Amino acid sequence: MEILLPDDHAYPRPDIPAQLVDGLNPPQREAVEYRGDALLIVAGAGSGKTRVLTHRIAGLIATREAWPSQILAITFTNKAAAEMRERVGQLLGDSVEGMWISTFHSACVRILRREAERFGYPQGFTIYDSADSKALMKRIVKSLEAESLGVTVPTALNRISSCKNELIDPDGFARKTDLTNPREQLILEIYRQYQRELQRNRAFDFDDLIAQTVWLFRAHPDIAALYQRRFRHILVDEYQDTNHAQYALIRELTRPVAAENVPLDTRIQLAADGSIPPASLTVVGDSDQSIYAFRGADIRNITEFERDFPGAKTILLEQNYRSTQTILDAANAVIGNNFDRRVKNLWTSAGSGKQIQGYAGRSAHDEAQFVADEIHRIHGTGVSYNDMAVFYRTNAQTRALEEILIRAAVPYRLIGGTKFYERAEVKDIVAYLMSIANPNDELSVRRIINSPKRGIGPASETTISNYAADNDMSFREALRQPDAMGFGLKIRNAVAELAAALDEAEASCNPQRPTGAVPVATMLERLIERIGYIEKLRATGNPQDDARADNVEEFVNVAKEYDKQNPSGNLVEFLTEVALVAAADDIDDESGVVSLMTLHTAKGLEYDTVFITGVEEQLLPHKMSADEPGGLAEERRLFYVGITRARKLLHLTMAMSRTQYGETAPSLPSRFLDEVPNELIDWKQSPAEVLSAPMMRGGGGYGGSSYGNSSYGGYGRGGGRGNSELGVARGSGLKQSFKPTRGNRTFDNQVTGKVKDNSALELASGDRVRHTDFGEGTVRAVLGVGTKRIAEVDFDTAGRKKLLIKIAPLEKC
DNA sequence: CACCCAACAATTTTT
DNA sequence: TTGTTGGGTG
């Protein structure tokens, strides 16, 4: 496609309001002002890319080069989208309203719902999350006895997911793969059945959302033209993490519109042949932060951008506005070990700042205790908990961290992990809503048919399913005719009642009804009331069920909040939002707590103080990456992402032994630690120190001495194999007995808090206490009330700690 | 049909 | 170590 205006005419644009370019450095400014078909902004970590993007958008609007509705901005998470919307809003006011600022997934859902009739789906089609896909796949794998050929549920899901990310449908797969291989044949059959089931349930999985949109555009050029005409300026953030399907989507959207698809009344300036020129494309990314290859992200999308979009302009942003030079030096040194990359060097004018803090614990709990102590110390210097974050490679690492943080009364929040929406009870309620929004979604109806318990077991379920198939109706429709299936009275009634409850709920959210649709939350509350979901949970007297009931109530609150934010919203939109929330989305900046998350979720975020934990061989780099091509380089980028999140103070910690699946094994410092220049790290306790003083006692090992004076190995008494003497306390429950305090403080084998309840313990300043791990000490202060009482204790050997009295293994002495 | 227990497997990162 | 699945019993 011809570029309409030659480069030197297009740039610079003098008419962009000064406040949009003032204060930008030269490359930033150029990135805001450049005009042309394609622009690649290579934005190093912390180089102000969000600022550039928002100002660029605002510039397009302010100069009247574009209407708000002609802007499509794609981000990686909803949170990033919300932030961008907010910041563009600050620059422009109400004009943001008409823009599409969203994730790939939400943008695609929006398109798919609009065009649903064109491919025979209801507008309220269901979106299956990974758990739903898994459940579906389980059934298929089982029915085909695929496991006997070594095709497990995760393998099958992975294969299909990569197919979709590559835009390969079952037929395409059949063409590409070696069908003489029975295993491949089996996977093809699984893929076929899986897609058939999705289709039958009128559902899409996550990967479908992108792939089906691309296929829709390719099959219906007129639909594609609609969006090609509409979006004149497309901006994509985190471009290095796009997969092939996402890339193809962008390509579809940036095609010129052929003359025959141009309506007569268009206000867009046409090319000479009557076609509409392609939309302008701006992508922002950093190949050093590409960490999603495992789910199909193709780094070549960014490295070959200039080839894909001839005439593209590239701008490099290397000045960092986030971190100290020390942190950047570490980051640069680490990433420099990846060859085959465009060299980029982050720099700052902010000064070198504090040294990186290193700590090698003897166990994961020891490591966690260091984290807890540091958090307290730093909080004491006036840093808010909000501004601190703890990162780890695998979710399994949270256990030890949580145990210690709870005990140490550090307020924290887990980001991601077992998410709220993945809890069984919440999924149940969502399944109710999906059943209502999409009656064809058999999977969801089946999920809730006996939840809460109604006495409808697997046998009855199969009967209904068969009846539905025989009579050519949906599963949900069949529920309305329980009399025809030869059930006993009890089951008949139960089924009829469920059908009626669903029908009533469905009717209440129909906008066509005389009194109008009822808000989502109201409908939901009535439904829960009618089926007695919460009531039945509360009745069991089981505290876990109580917690479940709380979660359901919390979900109702989510619905209420949604209604408040979206007065004209509806059930389908609510479900869309629920289906597409990501881990990073629920970070609340005001919550006043420390954030815990995986290195992956940390991408795009920043904190004053950062802890990267578990910097060990086998963990970071993770052992699974070893035999994947490019695996090590990706792990390194992950570490790099973690480092560059820190603004002022970075901690790198590890444990010299780690317990996994109940087995404790020694661990080695990560090779990445060697890549950080020595002089940048201040080891509070180095791996060597741990090894040379293996039998430390009391608080000697960490904490206490490690902060000042230190005396490693000084009085380490031989004898006692680490935890052998701990055999005691384990299950014994109450009062946590007296365990010899001289033990070294490995926490392995330690009970976690649930078994004991110290809430009755009364402490006052000056009391002498004994702690299972820290030995004896003097209470300095007691803060808080009730179950949240915190004791600040000066331990004789372990230093000063804050402890949550309720669950600390603490007693008076 | 619901519940309990025993055996068993599985453990990277996530839109 | 944890969670899940399967079989057997009430």
Side-chain angles (χ1 to χ4, degrees), chain A residues 74-81 102-109 127-131 133-135 138 142 147 152-154 157-158 161 164-165 204-211 238 241-243 245-246 290-297 364 391-397 399-400 403 415-419 421-422 424 450-461 487-488 490-491 494 540 579-585 597-604 614 618-628 631 634-635 637-639 641-642 658-664 730 748-749 752:
Chain A
I74 306 265
T75 61
F76 210 66
T77 63
N78 293 308
K79 179 163 199 274
S102 69
T103 62
F104 270 107
H105 293 266
S106 351
C108 286
V109 172
I127 301 165
Y128 282 172
D129 68 10
S130 2
S133 308
K134 200 166 139 201
K138 235 180 217 165
K142 209 167 171 185
E147 306 236 280
T152 62
V153 172
L157 284 171
N158 272 331
S161 173
K164 289 181 178 176
N165 289 335
F204 286 134
D205 65 15
F206 276 140
D207 300 316
D208 274 335
L209 296 177
I210 316 288
E238 308 282 13
D241 282 321
T242 49
N243 60 35
Q246 291 163 333
S290 164
I291 55 173
Y292 283 107
F294 72 93
R295 73 173 200 223
F391 303 155
Y392 36 83
R393 176 68 237 265
T394 69
N395 281 114
Q397 290 168 252
R399 189 154 301 147
E403 280 171 27
I415 313 298
T418 37
K419 278 162 268 169
Y421 292 104
E422 281 170 13
N450 199 30
S451 163
K453 300 260 181 292
R454 307 186 163 87
I456 309 174
S460 314
E461 199 181 311
F487 286 136
K490 237 179 100 182
I491 294 186
T540 65
L580 297 180
V581 286
D585 293 341
M597 70 192 85
T598 64
L599 284 162
H600 281 88
T601 26
K603 192 183 67 161
Q618 310 298 314
L619 207 51
L620 182 64
H622 195 274
K623 53 174 176 279
M624 290 297 169
S625 70
D627 37 50
E628 284 161 24
E634 175 141 324
E635 295 288 306
R637 290 194 292 267
L638 194 52
F639 186 48
V641 165
R658 199 165 281 277
T659 307
Q660 218 176 356
Y661 331 136
E663 298 278 291
T664 305
R730 217 339 203 160
D748 314 322
N749 292 8
T752 70

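Protein chains get the first letters and strands the later ones, always in sequence-line order, with residue 1 at the start of each. As the structure is a prediction and not an experimental result, all values here were calculated from the model.
- At a threshold of 4.5 Å between non-hydrogen side-chain atoms, the residues Lys603(A) and Thr77(A) do not count as touching.
- Once rounded to the nearest 0.5 Å, the distance linking CG of Asn165(A) with CD of Gln246(A) reads 7.5 Å.
- Listed candidates were dC1(B), dT12(B), dA2(B). Nearest to the side chain of Asn450(A) is dA2(B).
- For the pair Lys134(A) NZ and dT4(C) P, the interatomic distance rounds to 8 Å; values are reported in whole Å.
- In this structure, the ring of His600(A) has its center less than 6.0 angstrom from the ring center of Phe294(A).
- Considering only side-chain atoms of Lys453(A), the nucleotide from dT15(B), dT12(B), dA2(B) that sits closest is dA2(B).
- When heavy atoms are screened at a 4.0 angstrom cut-off, Arg393(A) is found touching base atoms of the nucleic acid.
- Considering only heavy atoms from C-beta on, Ile74(A) stays 4.5 Å or farther from Thr242(A) through its side chain.
- At least one side-chain nitrogen or oxygen of Asn395(A) sits closer than 4.0 Å to the OP1 or OP2 atom of dT13(B).
- For the C1' atoms, the distance linking dT13(B) with dT4(C) amounts to 23 Å, nearest Å.
- Across all strands, Gln618(A) comes closer than 4.0 Å to no nucleic acid atom at all (heavy-atom distances).
- Between Thr598(A) and dT14(B) there is a side-chain N or O to OP1 or OP2 distance below 4.0 Å.
- Remark: Asn243(A) is not in phosphate contact with dT15(B), judged by side-chain N or O atoms under 4.0 Å from OP1 or OP2.
- Under the 3.5 Å distance criterion, the side-chain polar atoms of Asp205(A) are left unmatched by any main-chain donor or acceptor of Asp129(A).
- Proximity of Phe76(A) to Asp241(A): side-chain heavy atoms (C-beta onward) are separated by under 4.5 Å at one or more points.
- Distance, Leu580(A) CG to dT15(B) C1': 8 Å, rounded to whole Å.
- At the heavy-atom level, Ser460(A) lies under 4.0 Å from the strands shown only through sugar-phosphate atoms.
- Not one side-chain nitrogen or oxygen of Asn165(A) sits closer than 4.0 Å to the OP1 or OP2 atom of dT15(B).
- Along DNA chain B, the nucleotide closest to Arg454(A) and the one closest to Tyr661(A) are compared, and the more 5′ of them pairs with Arg454(A).
- In this structure, Asn158(A) places its CG atom 12 Å from P of dT13(B), rounding to the nearest Å.
- Side-chain N/O atoms of Lys603(A) include none lying less than 4.0 angstrom from OP1 or OP2 on dT14(B).
- Per the geometry, NZ belonging to Lys138(A) stands 13 Å off C1' belonging to dA10(B), to the nearest Å.
- Note: CG (Leu599(A)) to C1' (dT12(B)) measures 11 Å, nearest angstrom.
- For Gln246(A) and Glu461(A), each mapped to the nucleotide of DNA chain B holding its nearest heavy atom, the one lying further toward the 5' end belongs to Glu461(A).
- When distances are taken from the side chain of Phe294(A) to each of dT15(B), dT13(B), dT12(B), the shortest belongs to dT13(B).
- Between the C1' atom of dT15(B) and the CG atom of Asp129(A) lies a distance of 11 Å, rounded to the nearest Å.
- When the P atom of dT13(B) is taken as reference, atom CZ of Phe76(A) falls 15 Å away, rounded to whole Å.
- Between the NE2 atom of His105(A) and the P atom of dT15(B) there is a distance of 8 Å, given to the nearest Å.
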